[in-house]
Amino acid sequence: MISFRKKIFDIVKKIPEGTVLTYKQVAEMAGRPKAFRAVGNALNKNHNPEIPCHRVIRSDGKTGGYNRGSEEKIKILKKEGWGSGATI
DNA sequence: CGTATGACGTGCA
DNA sequence: GTGCACGCCATAC
């Protein structure tokens, strides 16, 4: 991992279906628990369909944003099981 | 190189 | 319980 950004992509790509992590969790996995802001930045600039950024949500339980639209993000998460009682 | 921005998080009123 | 303001890091220009 050269750039912090690449690390974020790798972590998000490894997120299994039905599992949703918060920006804070991803930042912690990346080694910078205080860089949760940079995490969202990386995902925001990310336009790769290989990155399931929809599995990354806020610590408040809100979805935050999504390249394709927040509504799609919520729709996918609900489809994967998020909001079915497991929530975050 | 320096400044500005951003899909956030936490603390306090 | 809700709302406002501040602080943090990385990337882009």
Drop me the distance from A/Lys13's NZ to A/Arg55's CZ, to the nearest 0.5 angstrom. 13.0 Å
Mind checking whether A/Phe36 and A/Thr22 have side chains closer than 4.5 Å, heavy atoms only? no
Provide a list of protein-nucleic acid N or O atom pairs under 3.5 angstrom, restricted to nucleotides 10-13 of chain B.
residue : atom : partner : partner atom : Å
B/dT10  : OP1  : A/Lys24 : NZ           : 2.5

Do any N or O atoms from the side chain of A/Ser3 and from the backbone of A/Lys6 form a donor-acceptor pair under 3.5 angstrom? no
Does a side-chain N-to-carboxylate-O contact under 4.0 Å join A/Asp10 and A/Lys14? yes
Per-nt protein contacts along nucleotides 6-12 of chain C (heavy atom under 4.0 Å; B base, S backbone sugar-phosphate only, - none) come out as -BBBBBS
Can you tell me how far the CG atom of A/Leu21 sits from the CD atom of A/Glu28, to the nearest 0.5 Å? 10.5 Å
Are A/Asp60 and A/Arg58 within salt-bridge range, i.e. N to O under 4.0 Å? yes
On a heavy-atom basis, which atom in A/Lys73 and which in A/Ile57 lie closest, and how many Å separate them? CE-CG2, 4.1 Å
